[in-house]
2 protein chains.
Amino acid sequence: MGATKTEVFTEQQNSIADLAKAFAHPARVAILQLLVARKACVCGDLVDELDLAQATVSQHLKELKRIGIIQGEINPPRVCYCINPEVWEEARQTFGQMFETITNVTCCN
Amino acid sequence: MGATKTEVFTEQQNSIADLAKAFAHPARVAILQLLVARKACVCGDLVDELDLAQATVSQHLKELKRIGIIQGEINPPRVCYCINPEVWEEARQTFGQMFETITNVTCCN
DNA sequence: ATTTTGTATCGTAATATTGCGATTGATAAA
DNA sequence: TTTATCAATCGCAATATTACGATACAAAAT
């Protein structure tokens, strides 16, 4: 035990959880905010801005790439990162739906 | 090492990350979806629906309570859970803002 | 008072995540 | 060719998370 039992959940639930992981760490939130704010790609500047070791930042970037919400383009010797618009839009919709469905919460009475 | 360096991030970034954790596990997504769908409070039925041990479900409920996105009301011997509308709204706004800010992504060229 | 019911908590094991120094690798610059 | 630069990856340590059986607890029912 210790590993998530993905088999017992729906594809959708696993997918939402995976997407949410992009935002579930402050470093990744910070990275995404920077990428959004600059509207263009930021590279190793991230390391300077973030007060984390280069290896750590690189690891978070890797996780964000795995999720698909950012993409990197090699521009030697630098790597240029940016939001992946498609996945970003998908995330927007996913969370939008999640939150839109709730109205008239009458609770525990 | 192994612990998140919360000190180096803004309150807002830490807060977003914490909120996102509510959705960063499929079991918690499932619980939230159930609570939203029934519009009323669900109790130990969650255990039946979820194919996870009672202790595990209880632990996820505790985490959701810690985040504040759900609340529990004791109705002995049952406990009635429901979405906390205030925090839910806060989450809606937080993620809404996060996603609204992005437009015209011109990337890595 | 005893039993039953539903839930929280404890203790523990397995696994995942976070963070970083050190190294590697690839390319540009010298 | 050698050196410098930037980023990815490796290896490791510390900590967090996930999952569950067992137990504890509280209130209702008997």
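To find a chain, count down the sequence lines: A is the first, B the second, and so on, and within it residues start at 1.
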OP1 or OP2 of [N] sitting under 4.0 Å from any side-chain N/O of [X]?
{"X": "A:Thr56", "N": "C:dT18", "answer": "no"}
{"X": "B:His60", "N": "D:dA19", "answer": "yes"}
{"X": "B:Tyr81", "N": "C:dG6", "answer": "no"}
{"X": "A:Ser58", "N": "D:dA7", "answer": "no"}
{"X": "A:Lys21", "N": "C:dA16", "answer": "no"}

> If you find the nucleotide of DNA chain C closest to B:Asp45 and the one closest to A:Ile74, which residue's nucleotide is nearer the 5' end?
Replying inline: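 Upstream on the strand: B:Asp45.
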> More 5' along DNA chain C: B:Ala55 or A:Gly2, using each one's nearest nucleotide?
Replying inline: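 The 5'-side residue here is B:Ala55.
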Write down the distance between [atom1] ([X]) and [atom2] ([N]), rounded to a whole number of angstrom.
{"X": "A:Gln59", "N": "D:dC10", "atom1": "CD", "atom2": "C1'", "answer": "11 Å"}
{"X": "A:Leu64", "N": "C:dT18", "atom1": "CG", "atom2": "C1'", "answer": "14 Å"}
{"X": "A:Leu46", "N": "D:dA8", "atom1": "CG", "atom2": "P", "answer": "10 Å"}
{"X": "A:Leu61", "N": "C:dG19", "atom1": "CG", "atom2": "P", "answer": "13 Å"}
{"X": "B:Arg78", "N": "D:dC25", "atom1": "CZ", "atom2": "C1'", "answer": "17 Å"}
{"X": "B:Lys62", "N": "D:dA16", "atom1": "NZ", "atom2": "P", "answer": "14 Å"}
{"X": "B:Leu50", "N": "D:dC20", "atom1": "CG", "atom2": "P", "answer": "11 Å"}
{"X": "A:Asn75", "N": "D:dA8", "atom1": "CG", "atom2": "C1'", "answer": "16 Å"}

>> Base of D:dA8, side chain of A:Gln54 - is there a donor-acceptor contact under 3.5 Å?
In response: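 Pair found.
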Has the side chain of [X] got a donor or acceptor atom that lies under 3.5 Å from a matching backbone atom of [Y]?
{"X": "B:Glu49", "Y": "B:Leu46", "answer": "no"}
{"X": "A:Gln93", "Y": "A:Glu90", "answer": "no"}
{"X": "A:Arg28", "Y": "A:Leu64", "answer": "no"}

> Mind checking whether A:Phe99 and B:Phe95 have parallel, tilted or perpendicular rings, split at 30° and 60°?
Replying inline: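 A:Phe99 vs B:Phe95 ring planes: parallel.
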> Among B:Gln59, B:Arg66, B:Lys65, which one satisfies side chain to side chain donor-acceptor pair (under 3.5 Å) with B:Glu63?
Replying inline: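 Filter result, single survivor: B:Arg66.
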> What nucleotide among C:dC20, D:dA7, D:dA19 has an atom nearest to a side-chain atom of A:Val79?
Replying inline: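 Nearest to the side-chain atoms of A:Val79, counting from C-beta on, is D:dA7.
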> Picking from D:dA19, D:dA8, C:dT18, which would you name as closest to the side chain of A:His25?
Replying inline: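 So the side chain of A:His25 is nearest to C:dT18.
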> Closest heavy-atom contact between B:Leu50 and A:Val8?
Replying inline: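 Between these two residues, the closest heavy atoms are O-CG2, 4.1 Å.
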> Considering heavy-atom distances to DNA chain D, does A:Thr4 or A:Gly44 have its closest nucleotide positioned more toward the 5' end?
Replying inline: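 Looking at DNA chain D, the more 5' nearest nucleotide goes with A:Gly44.
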>> Pick the closest DNA chain D nucleotide for A:Val47 and for B:Glu63 by heavy atoms, then say which residue is nearer the 5' end.
In response: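 In this pair, the answer is A:Val47.
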> Counting any heavy atom closer than 4.0 Å, what does B:Pro77 reach on the DNA or RNA strands: base, sugar-phosphate only, or nothing?
Replying inline: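 The answer is base, as B:Pro77 lies within the cut-off (heavy atoms under 4.0 Å) of a base atom.
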